[in-house]
Amino acid sequence: MFPVVNVFKCDGCGLCVKRCPAQIMGLINGKAAYLQMLCEECGICAEVCPKGGILWELPEYAESTEVHEAYAYKR
Amino acid sequence: MLPGQKKYPHIFSPGKLGKIETKNRIKYASTETNFNYRNGYVADKEVAYMEAQARGGAGIVTTQGAFTDRSGEGKGYVGMMAIWDDKFIPGLKRIADVIRKYDAVSVLQLMHCGRVGGVHLDYTVGPSEVEQRLPRFRPPKAMSKDEVEICIQEHVDGARRCAEAGFDAVEISGIVGYLLSNFISSYTNKRTDEFGGGVKGRAEFPRRIVEGIRKEVGPDYPIVIRLCGEELLLDRGGSTPEESLEINRIICNAGVDLLSVTVGWQESAESVISRDIPQGNWLYVARRMKENIGIPISMAYRLFEPKYPEAALAEGTIDFWESCRAMIADPMLPNKILEGREEDIIPCMACNICLARLFRDAELTCCVRPTLGHESEADWGFYGFKKSPEKKKIMIVGAGLAGLQVGAVAAEKGHDVTIYEKKKQIGGQAASASKGPWGDDEFMRLVNYLKMHCEKHGGKVISGKKVTPQLIDKEAPDKVILATGAQPDRSAFPGGDGENVVSCLDVMDGVVKPGKRVVVVGDKGVAISTALFLVDKGDYEVALIGPAKKFGLDVNPSYIWRYMKKLKGGGVQQYTSHKVKELNSKGVVALDAEGNETTIECDTIVLANMASDGDLEYKKGDVYRVGDAVVPRRANAAIHDGYRLAMTF
């Protein structure tokens, strides 16, 4: 899972740039950006971001409303 | 008879889990992966990972823990799978099916994470409100008696779903700080009702769960439980080893078929599973359980090489060899041992990057196996690479981890690979680091594995030969890989070329012997390792200086606290937030955070400020740079760089 910089939230404070252990983050036009091929997917940038400006979330499975009859139980 | 059966007759003898026969005595122990969906459904990635574990040849394969409650109080990891509703059964069934397909016994683990749970909530639950020691975890709320009863029922329902999904057995996790262990430990259980108090009271919650599950699943369905043999929490008022034994006995007597013994909590202030603990160290705990409880026992902690569990199985200390990190690093470990190909095993370095990732809500990662999480993707080559249609001549400069990894994969893909190393010793910084104390010699297992893998597929490793642009021109390769690694940067400070200034790599390699008073310049992991190396030697006064506010930000959290403890114990002076201004014959001149100038006097200055080695420049043709030659980082980056590059060749 690679982090995604939410450019509309990022205010360019640069904390992620400082804390990235792989030293692969920087600022482009005042927004955080990184070299994806060197990204270790560690999540530290998202953890340290004070603005919640880095998306770091697993996807959700879209639940089907139908339940196969084999698994339908009385509740 | 296969070579492994001859060499390790006990590991490859059939075992019994309840009434079910297992093909051998290897059990893949449970681990979270964060591969699943955020809402608890099983993802394809997880199924592929479990398939790899089952194909690897273990007799028993255990799934990751599944949380049992709807509110997510039991959920300790963002990608943890759920079992609180029947709607999860189809996904879980995919795992059960894939394990059975490869003739392994499938076990599903139920896990309520207790005081380390509630990953999406602002609180956790536990028997009592006992403050957290680790800042990551949220404050616990005490469960009411009704809530405890509901929780027991949720475990029982989970076990029913486990059986319905087609698993052969159910496992309950009660280790390292999860809910069952919270009830068991006198550190976290301060209750005065029937679920607290003496050993009988503290055993009551897990005992009721086992009793309830037994009633639900019938007498023949095996129940496995993971419990702490020793909590290592005496400094916090945790249970004594005698109490742990007595509690485990009470729980097991309620109808458990296999007890998996573990040691320590996440909150324990002692090393348990890191490299500084010798392999087989904790077997005495298993022995105590075996002698006193009288049911089959399994153990996972620090048993990486088969000779240790083989001996323990032979003397009857354990009945199953559990393996977790060693099989994350190489799921094919059982089959490789069986076929007498132990040198082919990708060796786990106990670096614990897997744990570090889980605690940052990231997916499981392995330092030594970049294919983790990509088992189903053919281009990652977990089950082997197809030969490349065009054979290329590949010249690799530098036989460090990155260079060796490029070579290993490129050779496997059928290319003509030659790796050049200027030193006599291959391994680069890993070889230097292997001279460090407390188990760091294990790094050479990795270096040797990569070299062997490369040579097995026809790659050549030439050591003691420095590569020049002329040599590259002469060899005329199709691709040039510069994996020249990193060196301390002498040009960073005035006076860096002084006689009293030496490289940390030379110190570790034993090429130079520093004077008595040493200052190590650098704030990253390499500097810390160098300081620890000197501390271990015993006759040095060591200081560490660097600009960072905190040293070792690049070091794995599960190692850094140990390192810091050892630095303190070794009397290492730490100058954080100090900018080095100049190096001279007296020592290091530095400016502190307020700009005040200080001189730290010493006999030798050891530079550990790593920078990419720019010694060799070559720009003609198809040239690539990997590993520390791109940006100086940790070992896992070098290996992953090398792998990701070579898989495209």
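We name chains A, B, ... by the order of the sequence lines, and we start the count at 1 in each one.
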### Query
Do the side chains of A/Glu57 and B/Val78 get nearer than 4.5 Å, heavy atoms only?
no
### Message
So does A/Tyr61 get a backbone contact from the side chain of B/Asn39, meaning a donor-acceptor N/O pair under 3.5 Å?
### Response
yes
### Task
Check A/Cys42 against B/Ala362 and note the closest heavy-atom contact, atom names and distance.
O-CB, 3.9 Å
### Message
Between B/Asn36 and A/Leu58, does the side chain to side chain contact (heavy atoms under 4.5 Å, CB included) criterion hold? Intermediate values first, please.
### Response
CA-CA 8 Å; B/Asn36 297 301; A/Leu58 292 168; over 6 Å; no
### chain B neighbours within residues 25-37 of chain A, where any heavy atom lies under 4.5 Å away
A/Gln36, A/Met37
### Engaged part of B/Val631 at the chain A interface, taking heavy atoms whose separation is under 4.5 Å
side chain
### Message
Applying ring pair (Phe, Tyr, Trp, His ring centres under 6.0 Å), can you list everything that pairs with B/Trp380, at least two apart in sequence or on another chain?
### Response
B/His374
#### Entry: Sequence-distant partners of B/His640, ring pair (Phe, Tyr, Trp, His ring centres under 6.0 Å), two or more places apart
none
### Message
Could you check whether atom CZ of A/Phe2 has more than 12 heavy atoms from other residues, nucleotides or ligands sitting under 6.0 Å from it?
### Response
yes
For residues 43-56 of chain A, run the donor-acceptor check on the side chains, cut-off 3.5 Å, and write out each pair with its distance to 0.1 Å, sequence neighbours left out.
from: A/Glu47; atom 1: OE1; to: B/Arg360; atom 2: NH1; distance (Å): 2.9
from: A/Glu47; atom 1: OE2; to: B/Arg360; atom 2: NH1; distance (Å): 2.5
from: A/Lys51; atom 1: NZ; to: A/Asp11; atom 2: OD2; distance (Å): 3.1
from: A/Trp56; atom 1: NE1; to: B/Arg360; atom 2: O; distance (Å): 3.1
from: A/Trp56; atom 1: NE1; to: B/Asp361; atom 2: O; distance (Å): 3.2

### Query
Given that the side chain runs from C-beta out, which part of B/Val630 has a heavy atom under 4.5 Å from chain A: side chain, backbone, both or neither?
side chain
### Task
Using a cut-off of under 4.5 Å on heavy-atom pairs, state which of A/Glu41, A/Met1, A/Glu40 scores highest against chain B.
A/Glu40
### Query
Pick from B/Arg644, B/Arg161, B/Arg357, B/Arg634: which one has the most heavy-atom pairs with chain A under 4.5 Å?
B/Arg357
#### Entry: Contact check, side chains of B/Arg38 and A/Pro59, non-hydrogen atoms, under 4.5 Å
no
